[in-house]
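The block underneath contains the structure these notes are about, expressed in structure tokens.
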2 protein chains.
Amino acid sequence: MQTDKMSDHGDVATTDLKDKKKTGAAPSKRRMESRRKLLAAARTLFIEKGYHGTRPQDISKLAGVGHGTFYLHFTDKLACFLAFANEACDELGSFTQAHMKPNSTPMEQLREVIAGVVEYSNANPGVLSAALTNTNVLTVEEVKTSSPMERWSKNWADLIVRWRDEGVWNEDQDDDADPLFIGHLIVGAIGQGLAYGYLYNIESNKLIDDITRSLMRSMNGEV
Amino acid sequence: MQTDKMSDHGDVATTDLKDKKKTGAAPSKRRMESRRKLLAAARTLFIEKGYHGTRPQDISKLAGVGHGTFYLHFTDKLACFLAFANEACDELGSFTQAHMKPNSTPMEQLREVIAGVVEYSNANPGVLSAALTNTNVLTVEEVKTSSPMERWSKNWADLIVRWRDEGVWNEDQDDDADPLFIGHLIVGAIGQGLAYGYLYNIESNKLIDDITRSLMRSMNGEV
DNA sequence: CCCCCAAGATGACATTTTGTCAATTATTAC
DNA sequence: GTAATAATTGACAAAATGTCATCTTGGGGG
């Protein structure tokens with residue numbers, strides 16, 4: 001620990017299986033099951049106790065596997081946290097994807113996606129506020145462009161491009177901002193918007209409406 | 001460690017002097033100097049290595065004080081991190097305050113504040129991305145309403161109220177959203193906006209313009 | 001069905017990190 | 001200058017992290 005070897009927490013967006021030689025051997029069922037239990041336990045504990053308050057020990061115990069097994073799957077607590085955050089980000093992505101209604105106005109589509117986020121957040125309390133975070137706090141080594149928030153921003157950027165292609169925007173604009181930039185703004189705003197809603201106990205529908213309206217305006221769409 | 005005593009990381013927004021009996025005795029000059037050195041070292045290391053990669057040991061050594069001194073000032077690494085984050089938040093507050101030009105339009109004022117944030121961020125690389133973070137990741141015990149981002153959101157809410165009082169907004173609105181809500185959105189958007197600017201090397205003036213324009217729109221002001 | 005063996009899991013142990021406190025040094029009040 | 005108090009220190013104790021020799025499991029071949 002604290003040795004100066006270049007650490008390898010960057011294997012995040014893909015599999016996170018710690019070792020996995022170049023041999024394309026499929027990970028066995030048994031191995032995958034251990035990993036699944038560990039990640040489930042990690043999720044519970046990171047949400048309940050935070051990063052600081054959670055020990056690899058506790059994760060193994062809750063997962064019902066031996067202590068050493070933890071280190072077969074993750075190099076350390078940080079790698080485990082990043083795996084958790086990425087898993088949550090993917091889950092959120094699929095969940096909101098399923099909320100898309102293809103043939104509607106951008107306003108309605110936007111509202112649907114945000115409703116999806118809020119619904120996911122209600123169904124999985126604490127997950128987003130723990131996972132959808134700037135992982136810079138924890139480490140500066142991670143490949144920044146594959147952090148969960150960064151990936152989610154890209155999803156939004158894609159959506160915005162699609163909307164623009166469909167020509168549904170106001171046209172009196174000379175300043176089409178970079179979709180990726182807008183994506184970042186949206187992600188930041190949603191993250192804080194959810195935090196606000198949670199902290200001050202805002203009713204879901206009001207929260208969805210307010211976030212939708214503000215974002216719609218910031219993108220210069222029709223409200 | 002991991003004992004079940006109720007831990008006390010909540011003394012954050014105020015002094016963070018770990019003990020400080022009820023006697024209103026002023027902290028001695030010597031004590032304050034130790035604390036200052038510790039916080040300076042903590043800032044350097046948290047930015048350089050992240051939370052995970054920084055040990056209390058390292059902070060004491062870099063600060064040039066004995067190892068035990070660290071624990072005289074902070075209960076643990078988490079308390080130290082929160083003190084750092086709060087200090088940075090206050091610094092940012094003062095810095096942007098100084099950027100306010102009283103007799104100008106909201107648009108100009110908004111731009112000035114954002115320019116202040118960007119300037120601060122350039123002058124103090126890494127500080128905001130480390131400090132202006134959702135501290136939920138690290139701990140769930142902190143009194144949420146006094147987290148750095150929460151406090152910054154309140155500053156923004158005050159500003160928005162002032163602007164509204166001055167009657168500079170569009171009036172064709174039936175939906176004046178809660179200023180505190182807008183404050184949160186702004187803080188989230190700025191945080192991610194800065195991350196974007198840093199990650200993709202956006203020129204400062206363009207970044208300031210883009211953030212300003214988007215936020216102005218989201219608040220339904222004149223662009 | 002049973003034997004074999006390699007992937008996987010385990011937990012005792014070694015290492016590293018965190019936290020405490022009796023002893024020491026600096027500061028302040030008189 | 002001296003006594004009383006505040007602050008610091010680092011050796012040591014407690015706890016967490018990480019390793020690895022050994023054991024277990026499950027699936028393929030006979």
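In the text below, chain A, chain B and the rest are named by the order of the sequence lines, each starting its count at 1. Excluded from the calculations below are hydrogen atoms, water molecules and symmetry mates; all remaining heavy atoms, backbone and side chain alike, are included.
For the pair Met32(A) CE and dT25(D) P, the interatomic distance rounds to 20 Å; values are reported in whole Å. Rounded to whole Å, atom P of dT17(C) lies 14 Å from atom CG of Leu45(B). Here the P atom of nucleotide dA16(D) and the CG atom of Asp76(B) are 12 Å apart, to the nearest Å. Atom-to-atom, NZ of Lys61(A) to P of dG11(C) comes out at 11 Å; the value is rounded to the nearest Å. Going from atom NE2 of His52(A) over to atom C1' of dT17(C) covers 13 Å, rounded to whole Å. One atom, NZ of Lys37(A), and another, C1' of dT10(C), lie 13 Å apart when rounded to the nearest Å. We find that CZ of Phe70(A) is positioned 19 Å from C1' of dA12(C), with the value rounded to whole Å. Following rounding to the nearest Å, Tyr51(A) (OH) and dA16(D) (P) show an atom-to-atom distance of 15 Å.
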Whether each nucleotide of nucleotides 21-30 of chain C has a protein heavy atom under 4.0 Å at its base (B), only at its sugar-phosphate (S) or at neither (-) is summarised, 5' to 3', as -----SS---

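Using a cut-off of 4.0 Å between Lys/Arg side-chain N and Asp/Glu carboxylate O, Glu33(B) and Arg30(B) are scored as not salt-bridged.
Between His67(B) and Glu33(B), the one whose closest nucleotide on DNA chain D sits nearer the 5' end is Glu33(B).
Counting heavy-atom neighbours within 6.0 Å of Lys154(A) NZ, excluding the residue itself, gives a total above 12. Annotation for Lys37(A): atom NZ counts as buried by contact number, over 12 foreign heavy atoms lying within 6.0 Å. For Gln97(B), the CD atom counts as loosely surrounded, since its 6.0 Å shell holds 12 or fewer non-hydrogen atoms of other residues, nucleotides or ligands.
Candidate nucleotides dA16(D), dG18(D), dT10(C) were compared by shortest atom distance to the side chain of Gln57(A), and dA16(D) ranks first.
In this model, the phosphate group of dA16(D) is approached by a side-chain N or O of Arg55(A) to a distance below 4.0 Å at OP1 or OP2.
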Please lay out, stage by stage, how Asp210(B) and Lys206(B) fare under the test salt bridge (Lys or Arg N to Asp or Glu O under 4.0 Å). CA-CA 6 Å; Asp210(B) 287 351; Lys206(B) 174 162 174 45; 2.9 Å; yes

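For the pair Trp156(A) and Ile114(A), the tightest heavy-atom approach, listed with the atom from each and the gap, is CH2-CG1, 4.5 Å. Heavy atoms only, all atoms of each residue included: Ala42(B) and Ile59(B) are closest at N-CG2, 3.9 Å.
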